[in-house]
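Everything numeric here is computed off the predicted structure, so don't read it as measured data. Letters A, B, ... are given to chains in the order of the sequence lines, protein chains preceding strands, and every chain is numbered from 1.
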Amino acid sequence: MIGFWTLFYKELLRFWKVGFQTVGAPVLTALLYLLIFGHVLDEHVQVHGVRYTSFLIPGLVMMQVLQNAFANSSSSLIQAKITGSIVFVLLPPIPYGAFFAAYVLASVARGLMVGVGVLVATLWFADLQMAAPLWVLVFAVLGGAILGTLGMIAGLWSEKFDQLAAFQNFLIMPLTMLSGVFYSIHSLPAFWQRVSHYNPVFYMIDGFRYGFFGVSDVAPEVSLMVVVACFAAVSLLTLSLLKRGWKLRA
Amino acid sequence: MIAAVSIVDVVKHFGSLQALAGVSLEIAEGEFFGLLGPNGAGKTTLISTLAGLVRADSGWLSVLGHDVVKDYRQARSLLGVVPQEIVFDPFFSVRETLRIQSGYFGLRHNDDWIDEILENLDLAGKADVNMRRLSGGMKRRVLVAQALVHKPPVIVLDEPTAGVDVELRQGLWQFVRRLNNEGHTIILTTHYLEEAEALCGRIALMKQGRIIALDSTANLMAAHPGGTLEDVFVRTMNQ
Ligand SMILES: Nc1ncnc2c1ncn2[C@@H]1O[C@H](COP(=O)(O)OP(=O)(O)OP(=O)(O)O)[C@@H](O)[C@H]1O
Ligand SMILES: [Mg+2]
């Protein structure tokens with residue numbers, strides 16, 4: 001257990017020591033999105049009966065939770081692999097389950113910190129109520145855990161920074177951007193609505209947004225099941241990769 | 001008695017390259033053992049299979065009776081490895097690095113021992129300096145310190161003195177000798193053969209993934225009267 005806590009604590013310190021970049025910068029990015037899209041569209045658009053700015057904020061919060069959870073585990077692993085400092089965690093007797101939990105929980109922590117930062121910063125722009133705070137928390141934690149786990153897979157798989165960047169740009173970015181952060185999928189043509197239902201990130205955002213407005217595109221219980229199933233799938237995959245020492249132990 | 005390290009028929013390929021071609025070796029508790037051989041002989045690969053960084057294609061390895069695959073947690077907690085390459089985590093100071101490494105081995109409140117290691121490796125003055133600000137030789141000392149945080153009964157040093165100044169070299173050997181006298185088993189690789197000659201009780205010479213000579217330092221030297229270990233090394237390699 002001490003091994004797990006130490007690795008978790010080390011992973012927290014790793015991003016906290018450069019918190020300006022790892023927490024501050026994503027909060028600023030989200031604010032810029034809000035200023036631009038909110039300003040342009042607020043007058044004209046209403047979704048689920050709420051003003052566009054209010055609709056947009058939970059999406060932006062969740063998008064930053066997800067992207068930062070992914071960034072945390074993936075960048076930590078690739079840096080350690082490329083610099084060779086990964087040996088410091090491979091030599092000690094840390095069980096692979098503890099290894100997994102430490103990286104994923106640290107990713108969730110960074111995601112939540114950024115999420116809270118975005119939420120607090122956007123309070124000035126819209127007055128937002130949480131209809132069901134527990135759903136907000138559950139989806140933020142599970143979404144962060146899924147992306148943190150995907151970040152581990154990406155970090156294990158990549159041997160160079162540009163491979164990791166490809167994973168991020170061609171998979172994670174499209175999945176999060178096309179998930180309904182900026183729109184309700186009901187505003188999409190029928191074909192793209194159906195496509196969106198195959199994007200797991202759509203359920204994370206939709207369920208998270210339900211926690212704020214009490215309305216969503218899909219019932220939150222359905223979203224929860226999809227999200228739990230996704231987390232189970234990616235974590236089982238990652239645990240089996242770690243057990244084999246895939247791309248870690250030659 | 002259980003061997004400190006037992007290696008049986010270990011084979012390892014990297015693609016088509018055979019890095020270990022069936023190595024068997026037993027090292028007793030309390031030995032000061034030298035693993036010598038030219039670049040690419042397979043020394044680091046052998047050490048890495050022992051440490052679990054590399055998985056052998058076949059064969060068995062154990063540390064104090066604990067199989068490095070089946071019983072990896074015990075095996076790893078009994079082993080301290082100083083890697084050949086200088087690596088460090090740029091986020092932390094020397095003391096933070098050593099505290100974190102202690103935690104990985106399940107140890108809290110390890111500061112007394114950490115201070116002792118720092119003192120012996122002449123790092124006490126650098127305890128609160130960030131790793132990035134250390135010179136190359138100092139970074140290597142920290143690597144030695146990291147391998148020792150959990151007082152491992154078996155200590156493996158993969159070229160610990162490459163790029164290290166004379167003073168530290170002597171300090172390091174004094175410290176390692178003391179650990180050996182206290183019962184720790186030491187396994188050393190080095191290209192400085194005088195060091196191996198002075199320190200090691202027994203030596204294995206490796207070439208192309210095989211052990212081609214294995215004997216006490218005295219016996220190896222006796223086979224080539226009047227020579228140094230370097231002469232023995234050169235002749236054995238050319239046989
Ligand atoms: N990860 C790896 N992938 C591919 N080949 C490798 C890898 N590690 C080692 N090798 C090869 O295995 C052989 C043995 O290398 P090893 O590092 O064990 O040698 P060594 O005896 O430690 O040499 P040196 O004295 O230079 O440190 C070399 O031919 C090396 O190129
Ligand atoms: Mg080597």
Report task. Looking only at non-hydrogen atoms, find the nearest pair between D67(B) and A75(B) and report the distance. Result -> O-CB, 4.0 Å
Requested in this report: Tell me, for F88(B) versus chain A, whether the close heavy atoms (under 4.5 Å) come from the side chain, the backbone, both or neither.
Outcome: backbone
Query raised in the report: What part of L79(B) is in contact with chain A, defined as an atom under 4.5 angstrom from a non-hydrogen atom: side chain, backbone, both or neither?
Result: neither
Query raised in the report: Quick one: what part of Q74(B) sits under 4.5 Å from any heavy atom of chain A, side chain, backbone, both or neither?
Result: neither
Report task. Taking heavy atoms only and a threshold strictly under 4.5 Å, list by residue number the residues of residues 72-96 of chain A that touch chain B; give 'none' if the list is empty. Result -> Q79(A), T83(A), G84(A), S85(A), V87(A), F88(A), V89(A), L90(A), L91(A), P92(A), P93(A), I94(A), P95(A), Y96(A)
Query raised in the report: Heavy atoms, side chains only, cut-off 4.5 Å: are L31(A) and T122(A) in contact?
Result: yes
Query raised in the report: If we ignore angles and hydrogens, is there a donor and acceptor under 3.5 Å between the side chains of Q146(B) and T97(B)?
Result: no
Query raised in the report: Do you know the tightest heavy-atom contact between A3(B) and E26(B)?
Result: CB-CG, 3.5 Å
Report task. Might you point out which heavy atoms bring P26(A) and V118(A) nearest each other, and give the distance in Å? Result -> O-CG2, 4.4 Å
Query raised in the report: Is the shortest side-chain N to carboxylate O distance from E116(B) to R178(B) below 4.0 Å?
Result: yes
Query raised in the report: Any chance the side chains of S179(A) and N199(A) put a donor and an acceptor closer than 3.5 Å?
Result: no
Requested in this report: Could you verify whether a donor N or O on one side chain and an acceptor N or O on the other, from D128(B) and S93(B), lie under 3.5 Å apart?
Outcome: no
Report task. State, with a plain yes or no, whether a side-chain heavy atom of P58(A) is found less than 4.5 Å away from one of R209(A). Result -> yes
Query - Per-residue contact mode, F92(B) against chain A (heavy atom under 4.5 angstrom) - result: both
Query raised in the report: Can we call the ring centroids of F212(A) and F208(A) under 6.0 Å apart?
Result: yes
Report summary line: Value for NZ (K126(B)) from CE (M138(B)), rounded to nearest 0.5 Å, stands at 4.5 Å
Query raised in the report: To the nearest 0.5 Å, what is the distance between CH2 (W173(B)) and CG (N180(B))?
Result: 11.0 Å
Report task. Could you tell me whether R140(B) and D165(B) have a side-chain N and a carboxylate O separated by less than 4.0 Å? Result -> no
**Report entry** Closest contact, heavy atoms only, V149(B) versus L98(B)
**Finding:** CG1-O, 3.7 Å
Query raised in the report: Counting a contact as any heavy-atom pair under 4.5 Å apart, which residues of residues 8-17 of chain A contact chain B?
Result: K10(A), L13(A), R14(A), K17(A)
Query raised in the report: Got a salt bridge between R132(B) and D89(B), using NZ or NE/NH1/NH2 to carboxylate O under 4.0 Å?
Result: no
Query raised in the report: So which residues of residues 238-250 of chain A are in contact with chain B at a heavy-atom cut-off of under 4.5 Å?
Result: R244(A), G245(A), L248(A), R249(A), A250(A)
Query raised in the report: Between F4(A) and F99(A), does the ring centroid distance fall short of 6.0 Å?
Result: no
Report summary line: Separation between OG1 (T176(A)) and CE (M204(A)), nearest 0.5 Å, reads 10.0 Å
**Report entry** Among the listed options G103(B), S102(B), A51(B), the residue most often paired with chain A at heavy-atom distances under 4.5 Å
**Finding:** G103(B)
Query raised in the report: Considering all heavy atoms of both residues, which atom of H66(B) and which atom of D71(B) are nearest to each other, and what is their separation?
Result: ND1-OD2, 2.7 Å
**Report entry** Side-chain donor-acceptor contact under 3.5 Å, E195(B) with T190(B)
**Finding:** yes
Report summary line: Among residues 134-169 of chain A, those lying within the under-4.5 Å heavy-atom range of chain B are none
